Amino acid sequence: MCQVDEDFQGQLEHTEVPSISKKCVKCKEKTAVVVIRAGDTYCRDCFREYFIHKFRAMLGKNRIIFPGEKVLLAVSGGPSSCSMLSQVQEGLSQNAHKKLRFIPGIVYIDEGAAAGRSVDDRKTAMAQMQTLFEATGFPFHLVPLEQVLDLSPSVLVMAPSPSEQPGSAYKAAVDQFIQSKGHWPPRPQDQDQDQDLDQASLPDIQESHTQLLQQLMSSTKTQTAREELLSMLRQHLLVHTARTKGYSKLMLGDCCSRLAVKLLSSIALGRGAQLAQDTGFSDSRYGDIITVRPMRDYSSKEIVFYNHMFKVPSIFIPGLDTMTADKSSIQRLTESFVTKLQADFPSTVSTIYRTSEKLQTAWKGSCAADVCDTCLLCLCALDTTVENASAFQATLISEQLSQTKPPETSSAINPNLNPGSALATTTGQCCSGEGECGKKGGGCCSSPRVPETTDMRSLLCYSCRQTVKDMSSVDHLPAYILLEAQRRNRRSQMREQISEFILDEGV
Amino acid sequence: MYAKICLIFLFLSRGGAELLFKGVKEHHVTLPTQSEPWDVKQLLVWIQRNLLKERPELFVQGDSVRPGILVLINDADWELMGELDYQLQDQDNIVFISTLHGG
Ligand SMILES: [Zn+2]
Ligand SMILES: [Zn+2]
């Protein structure tokens, strides 16, 4: 790559010495202020128009959000999600014909606990977000990540989606909206009055919850797995918030620079089978809540320039990966790789991004009713039920072979040496110690503890298995995940028993 | 001989500015007089020597800014202004914005 770089950089990038005060390619009159998409120069006014149009076009083209629908915007305070928020405001202020027709609300997840920030820092950030959201007049929800500990296992179950609406229904709904001359939907302030009340005070955070969350994060041995785990927990909390507050769409602010990084790092993380869902415009893995990414056509440069020029406020809040070294995690390394390549080859991000557009979900219709066929953590269809001659099976076999060791030496000397043996020990004590635990196969006690590592693993997709493997103990996972794992294990055991019975009957 | 040049520069990133520039986002600086005009390339060296003592790799790389950091000169894309070769004028306004997630 360096070779190519040296040979061609001169020709590709510096053929013409940039002359000061170029004209705008759109209006061909005014002086350009920004260069986007490998060489297009735009003046301030044309850039603004281009930017606003792109947002509406993205939503119009995909026809996923219906008039009057409640849409939850996930805003982190970063430039991309804040830009998304400003575009929604912009869209709602347009005249009836161009107006966005959904009812927005905002959610902010405070991840300070996972990033190890002090209580004071978190309060300051929370107050800043509150001020930002109050200015929009939209209902908003400030949710500390700690609340993930109170989730119920049902968040991990795909909910039935409301009946599929045909394309004609979209058009009818839009016509109806235009006839009502834009008076509908009602102004957001009119409803959610009671919610506004509890927004007034910042949410309380229990210190014990913060500690539990920090234990979970520190039980994860690699930064890569930590970032993966955090993004799963964040996602669960977002879906939960959307469900409990009555939203049917969840808008994320991923821009195309971000998605290009996500696409490549997902491949490195073994999430090839889930790529389309992880990076596409819309994602229906949760059934009732559809995730949409309306910012996926914007580069981070466009967003940053727009925000700066038109004073879109954003709040920089340090996260788990802030100021970390390039090689601290697969995600960071991929970001650095893509950014450096982009600096020399300006079409890098768009090339990767266009690849993501071609991906499609190979949806297995047969497993729709059966939750056991989706991953416990990421809720994507399991990619582990493949034939014996696959690369996946080969990896499993070689892993098993390399882990085989004399049964007594390792676990007896140091039970904490590897997570598998540590867990086996706990289970052993629990069942043999008091003898109260009842019959075999009935689940071990009522405590949310997964009997064996292997049982948890069978419920996960390939990539999530790697994430869990990097944890010193699954016991630190929030209760809702462990309870759901138990439930699924019990169910599959039960199904095994029943299936024998049914076979007998069939004969 | 050139007169002193007064600049305002901003550095915005996801928390990095706080650590890189000791919590100061906006800097008003006066560059010393020198025999030839100041350009952006020299400014980067000056910033590195005078304002940025820890972890310069998060801001500069080689002669230029680190990939992923955008530069605006008087609210315009520096790609339109000659990038490193732009000659600084008195009262110029330079903004550095990081687009990096982990930056
Ligand atoms: Zn123009
Ligand atoms: Zn998974």
Side-chain angles (χ1 to χ4, degrees), chain A residues 14 17-22 31-36 39 41-44 47 76-80 115 117 223 227 255 257-258 261-262 299-301 303-305 307-309 314-326 328-329 331-333 335-336 338-344 346, chain B residues 8-26 39-40 52 54-89 92-103:
Chain A
H14 299 290
V17 179
S19 59
I20 294 168
S21 78
K22 272 188 179 170
T31 307
V33 292
V34 59
V35 185
I36 51 168
T41 53
Y42 276 73
C43 72
R44 192 185 149 93
F47 178 61
S76 68
S80 196
R117 304 191 72 208
Q223 179 78 7
E227 285 181 31
C255 65
S257 313
R258 188 86 215 119
V261 172
K262 204 166 165 185
S299 70
S300 55
K301 179 176 180 179
I303 290 171
V304 162
F305 263 87
N307 287 3
H308 182 78
M309 276 185 219
S314 57
I315 294 162
F316 291 95
I317 295 168
L320 193 57
D321 54 357
T322 300
M323 293 289 282
T324 50
D326 283 357
S328 63
S329 69
Q331 296 89 336
R332 282 287 295 116
L333 187 59
E335 181 185 38
S336 148
V338 172
T339 316
K340 282 176 187 162
L341 206 55
Q342 171 79 10
D344 289 335
Chain B
I8 301 174
F9 84 84
L10 273 165
F11 183 78
L12 305 170
S13 88
R14 200 167 165 243
E18 273 64 62
L19 297 156
L20 276 178
F21 293 97
K22 299 196 175 70
V24 185
K25 276 183 185 163
E26 189 171 326
D39 60 23
V40 175
L52 185 80
E54 283 166 58
R55 306 192 61 186
E57 77 278 7
L58 293 178
F59 181 66
V60 286
Q61 205 161 85
D63 283 348
S64 192
V65 290
R66 178 192 189 193
I69 293 181
L70 301 176
V71 187
L72 285 86
I73 299 171
N74 300 327
D75 283 341
D77 194 341
W78 78 328
E79 287 181 39
L80 292 161
M81 313 288 278
E83 301 188 22
L84 291 171
D85 300 329
Y86 172 78
Q87 294 191 356
L88 298 171
Q89 316 287 316
D92 270 350
N93 190 333
I94 319 270
V95 182
F96 299 95
I97 309 176
S98 171
T99 62
L100 297 168
H101 212 68

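Small disclaimer: the values here were computed from a predicted structure and weren't measured. In what follows, every chain begins at residue 1, and chains take the letters A, B, ... in the order their sequences are listed.
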Which atom names give the shortest non-hydrogen contact between [X] and [Y], and what distance separates them?
X: B:Thr99; Y: A:Ser300; value: CB-OG, 3.7 Å
X: A:Val33; Y: B:Asp75; value: CB-O, 4.2 Å
X: B:Val71; Y: A:Phe305; value: O-CZ, 4.4 Å

Would you call B:Asp77-A:Lys301 a salt bridge at under 4.0 Å N-O?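 Salt bridge present between B:Asp77 and A:Lys301.
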
Where does B:Ile73 contact chain A at under 4.5 Å (heavy atoms): side chain, backbone, both or neither?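 B:Ile73 has no heavy atom closer than 4.5 Å to chain A.
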
What part of A:Thr41 is in contact with chain B, defined as an atom under 4.5 angstrom from a non-hydrogen atom: side chain, backbone, both or neither?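 Side chain only.
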
